[in-house]
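Notes follow once the structure below has been shown.
Because the structure is predicted, anything quoted here is derived from the model rather than measured.
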Amino acid sequence: AEWDGAVEGALEKKLAQRAAERDREGKGPNPWDAKGGKGFDDDEMDPALAALMAARDAWKDDTPWPTRVNASGEVVSINPLDIEFVAKFLDNASKAFRLIDLDDNGGMTAEELQESIAEEPEVVKF
């Protein structure tokens, strides 16, 4: 349980960093946003294109994002841009835990952690 909480905390921080990076790059939080987050001014846009974009905006706001159950048992949404990242992160966390849990008892002691950090490069990478 302690490990799960630590992994969730680290994952949430990484996802926040990824969202902030997308914002800095002007990509927006939504994968359906236009690249760069910039478009035409309303007065220079073709009415047909404006109607199409309005329909797209209405659709994308109603489209549910995928979800997962976190370590606390809460259902949380996953930005579609982060699905692959979340899967790899959780897979790597599971591998790191197996390397740390030297006695295979499903727990982690400070000694196991110290020994794993000293002997397992994969644990350090995680």
Heavy atoms, side chains only, cut-off 4.5 Å: are [X] and [Y] in contact?
{"X": "P66", "Y": "P80", "result": "yes"}
{"X": "F85", "Y": "L15", "result": "yes"}
{"X": "E112", "Y": "D101", "result": "yes"}
{"X": "F89", "Y": "V7", "result": "yes"}

Could you give the distance from [atom1] ([X]) to [atom2] ([Y]), rounded to the nearest 0.5 Å?
{"X": "D104", "Y": "R98", "atom1": "CG", "atom2": "CZ", "answer": "10.5 Å"}
{"X": "K14", "Y": "R18", "atom1": "NZ", "atom2": "CZ", "answer": "9.5 Å"}
{"X": "Q17", "Y": "R24", "atom1": "CD", "atom2": "CZ", "answer": "9.0 Å"}
{"X": "D103", "Y": "M108", "atom1": "CG", "atom2": "CE", "answer": "11.5 Å"}

- Would you check if the side chain of N79 reaches a backbone N or O of I83 as a donor-acceptor pair within less than 3.5 Å?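 It does not hold such a pair.
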- Message: Please tell me whether L113 and L99 are part of a single hydrophobic cluster in this structure, the criterion being side-chain heavy atoms less than 4.5 Å apart.
- Response: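 Result: yes, single cluster for both.
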- Only one of V76, N70, L90 forms a side-chain contact (heavy atoms from CB on, under 4.5 Å) with L11, so which one is it?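 Going through the options one by one, the only one that passes is L90.
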- Query: Does the distance from a Lys or Arg side-chain N to an Asp or Glu carboxylate O, for R22 and D82, drop under 4.0 Å?
  - Reply: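 Yes, R22 and D82 are salt-bridged.
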- Where do I100 and S116 come nearest, in terms of heavy atoms and distance?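 Minimum heavy-atom separation between I100 and S116: CA-OG, 3.1 Å.
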- Task: Given salt bridge (Lys or Arg N to Asp or Glu O under 4.0 Å), test E8 with R68 step by step and report yes or no.
- Result: CA-CA 12 Å; E8 282 298 328; R68 68 180 187 85; 2.9 Å; yes
